[in-house]
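Each chain gets a letter, A, B and so on, in the order its sequence line appears, and its residues count up from 1.
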Amino acid sequence: MIEPRTLEQCASLAEELAANPAEAVHQLPLLRKWLRDLPPPRAQLLSRPEWNVASLWTNVAAFENVQVNEERIEIVRCQRDLWLRGCVATVIPAFQPGEDPTSLEELITQVVSARSIINFSSRQFRQLFEMSLRLDGDLGFFSRGQSGEVMIGAEGATGTCERAAKMDWALTTNQHIEVRIRNNSLWIGGSLLDFGGIPIRAIFVAFWGVEQRGGYGMMQGGREPLLGGGSLGERP
Amino acid sequence: MDYDDGERDRWVRLADDGSKDPSFASEVAKRLAAELRRACNRQTTRTPDSYLYHPTHKFLARVLDLDVEPLPDDSTIPPTAGVPLTRTGSQPIPIRIPFDCLITGVWGYARGANDTGDPSVEVLPSITAGASDNLDLFSVRWGLNGDTWYSTNGNDELMCPASVSVGTQTFPRPMAWLVGRAQTLNVLFRNISNAFFEDLPPDNPGRAGFRLAEAAIVFGALKLEGP
């Protein structure tokens with residue numbers, strides 16, 4: 001994990017090196033790295049807290065036609081050094097035909113009753129699936145604290161269009177996130193409802209990120225880049 | 001304590017020079033120690049906390065009467081080629097940036113068509129959407145100058161629902177995107193309402209989804225050029 005350095009620490013190191021010329025030769029590269037990785041100045045245009053989660057790139061894992069209880073894996077590759085700052089998910093459920101599949105009125109009745117079951121506690125239908133994340137195929141992030149990974153409900157790991165689940169991942173080019181999902185709609189409604197689950201037409205799990213150069217994420221749009229505020233991304 | 005980017009860049013270059021030339025390292029260390037200590041002791045900030053960052057300008061990409069694109073379907077005879085869910089055959093909507101600006105956020109919305117005269121059809125959008133402002137009824141992708149697109153799986157560009165790409169007007173997706181005068185944002189839209197009803201039999205009128213009266217993406221921006 002990268003530990004954030006302060007200006008005070010950089011000044012102290014520089015004073016140590018000034019008092020010890022022999023050390024200066026060997027330790028200047030370290031001081032250079034600390035200076036490069038300093039937090040952005042407070043008076044910067046982007047010093048307000050909102051910029052801590054500013055992002056431009058949307059890296060998406062898309063799953064189509066996920067049947068009840070089916071498990072699926074998709075890989076999201078970092079096409080450049082990225083600082084991921086948020087995670088959002090949305091589900092397109094496949095509404096099933098009702099008793100009178102040719103009638104629009106019957107369709108509406110069926111959609112309304114399905115909605116009352118599947119969307120009662122989470123927005124964007126996220127409770128229809130659960131998920132886990134791995135980095136580069138070997139480092140998982142959801143567990144009970146002991147060996148063995150677990151999947152957790154998507155509403156516990158992702159946000160919505162209004163509030164992304166916060167992340168702070170600094171990833172390099174070609175690192176990849178393995179997104180594993182399972183359609184767990186069978187468990188919605190419990191034993192009281194003869195529900196049977198619902199197929200999912202599509203699940204999109206998106207990571208909002210900013211291209212990273214130097215020690216901090218920068219947004220670029222063709223002119224000189226601006227710095228994003230906030231702490232250094234943790235390297236998982 | 002305070003410093004600006006120019007100062008930090010100068011310190012980094014100085015440390016770089018000292019690293020490359022051992023005979024210079026000691027002097028560099030002394031200079032850096034003095035400058036860094038001066039920066040630590042400074043008490044001023046240059047920007048008042050009350051500085052407003054609310055975006056005054058709003059750049060709109062909008063499509064009216066957005067109809068669905070057919071999805072691939074093997075059950076029909078002959079099979080429908082369609083357009084895969086993560087693609088689109090539509091043309092991008094351009095936004096030509098009129099001045100240097102900082103885009104601070106992006107949000108969107110969609111409206112169902114209510115001019116069909118059939119109340120059954122008109123109620124479908126509101127009961128189908130699971131996201132605020134009907135954001136999961138359409139997918140979107142935006143890019144810069146026609147050659148950089150910002151929705152991807154790392155290998156290919158994708159259309160993805162607006163509910164994972166943008167925020168709402170109340171809670172925009174935060175951005176800190178510096179865009180220059182005369183650059184062009186391009187936004188692609190696709191109505192994905194038919195994806196919700198793909199399992200319906202062909203003769204159910206809901207299977208085709210529904211038209212969206214309007215789908216829009218708004219970029220909020222601060223003008224950076226002086227008067």
Reported CG-to-CD distance for the pair B/Leu135 and A/Gln124, which is rounded to 0.5 angstrom: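 Between atom CG of B/Leu135 and atom CD of A/Gln124 there are 7.5 Å.
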Separation between OG of B/Ser19 and NE2 of A/His26, rounded to the nearest 0.5 Å: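 One finds 12.0 Å between OG of B/Ser19 and NE2 of A/His26.
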For chain A, which of [options] has the most heavy-atom pairs under 4.5 Å?
options                               : answer
B/Pro22, B/Gly18, B/Pro161            : B/Pro161
B/Ser165, B/Ala162, B/Pro202          : B/Ser165
B/Thr152, B/Asn155, B/Val12, B/Thr148 : B/Thr152
B/Ser23, B/Pro201, B/Gly108           : B/Pro201

A/Arg163 charged N/C atom sitting above B/Phe171 aromatic ring, 6.0 Å / 45°: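 Because its charged atom sits under 6.0 Å from the ring centre and within 45° of the axis, A/Arg163 does stack over B/Phe171.
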Could you report the tightest heavy-atom contact between [X] and [Y], atom names first, then the distance?
X        : Y        : result
A/Leu107 : B/Gly206 : CD2-CA, 3.6 Å
A/Ser103 : B/Asn204 : O-ND2, 3.5 Å
B/Arg8   : A/Arg36  : NH1-O, 4.0 Å

Are [X] and [Y] side-chain neighbours, meaning at least one heavy-atom pair lies under 4.5 Å?
X        : Y        : result
A/Thr58  : B/Arg173 : yes
B/Arg13  : A/Arg32  : no
A/Cys10  : B/Arg37  : no
B/Met175 : A/Ser55  : no

Between [X] and chain A, which part of the residue has a heavy atom less than 4.5 Å away: side chain, backbone, both or neither?
X        : value
B/Val164 : both
B/Leu32  : both
B/Ile127 : both
B/Val28  : side chain
B/Thr128 : both
B/Ser126 : backbone
B/Trp149 : backbone
B/Leu71  : side chain

Selection from [options] maximising heavy-atom pairs under 4.5 Å formed with chain B:
options                             : result
A/Ile92, A/Val88, A/Leu31           : A/Ile92
A/Thr90, A/Thr160, A/Leu17          : A/Thr90
A/Ala202, A/Ala11, A/Ala24, A/Pro29 : A/Ala11
A/Thr102, A/Val25, A/Ile177         : A/Thr102
A/Leu104, A/Val76, A/Asn59          : A/Leu104

Worked verdict on B/Leu200 versus A/Phe95 for side-chain contact (heavy atoms from CB on, under 4.5 Å): CA-CA 8 Å; B/Leu200 295 180; A/Phe95 291 120; 5.7 Å; no
A/Arg77 and B/Asn153: side chain donor to acceptor below 3.5 Å: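 No pair is found: no donor N or O on one side chain lies under 3.5 Å from an acceptor on the other.
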Donor-acceptor pair between B/Ser132 and A/Glu162 side chains, under 3.5 angstrom: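 A donor-acceptor contact under 3.5 Å links the two side chains.
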Salt bridge (Lys or Arg N to Asp or Glu O under 4.0 Å) contacts in which one or both residues fall within residues 19-32 of chain B, not counting sequence neighbours: B/Asp16-B/Lys20
Summary of salt bridge (Lys or Arg N to Asp or Glu O under 4.0 Å) pairs that have at least one residue in residues 129-148 of chain B, sequence neighbours excluded: none
B/Thr86 vs A/Phe204, side-chain contact (heavy atoms from CB on, under 4.5 Å): CA-CA, chis, key distance, verdict: CA-CA 10 Å; B/Thr86 54; A/Phe204 292 86; 3.9 Å; yes
Result of checking B/Trp142, B/Trp177, B/Tyr150 against A/Trp57 for ring pair (Phe, Tyr, Trp, His ring centres under 6.0 Å):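 Testing A/Trp57 for a ring pair (Phe, Tyr, Trp, His ring centres under 6.0 Å) against B/Trp142, B/Trp177, B/Tyr150 leaves exactly one candidate, B/Tyr150.
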Chi angles and distances behind the side-chain contact (heavy atoms from CB on, under 4.5 Å) call for A/Arg201, B/Phe196: CA-CA 7 Å; A/Arg201 176 60 181 83; B/Phe196 289 81; over 6 Å; no
Structural part of A/Ala94 lying under 4.5 Å from a heavy atom of chain B: both
Interface moiety of A/Ala89 toward chain B, non-hydrogen atoms closer than 4.5 Å: backbone
Derivation and outcome, side-chain contact (heavy atoms from CB on, under 4.5 Å), residues A/Leu35 and B/Leu36: CA-CA 10 Å; A/Leu35 287 168; B/Leu36 290 172; 3.7 Å; yes
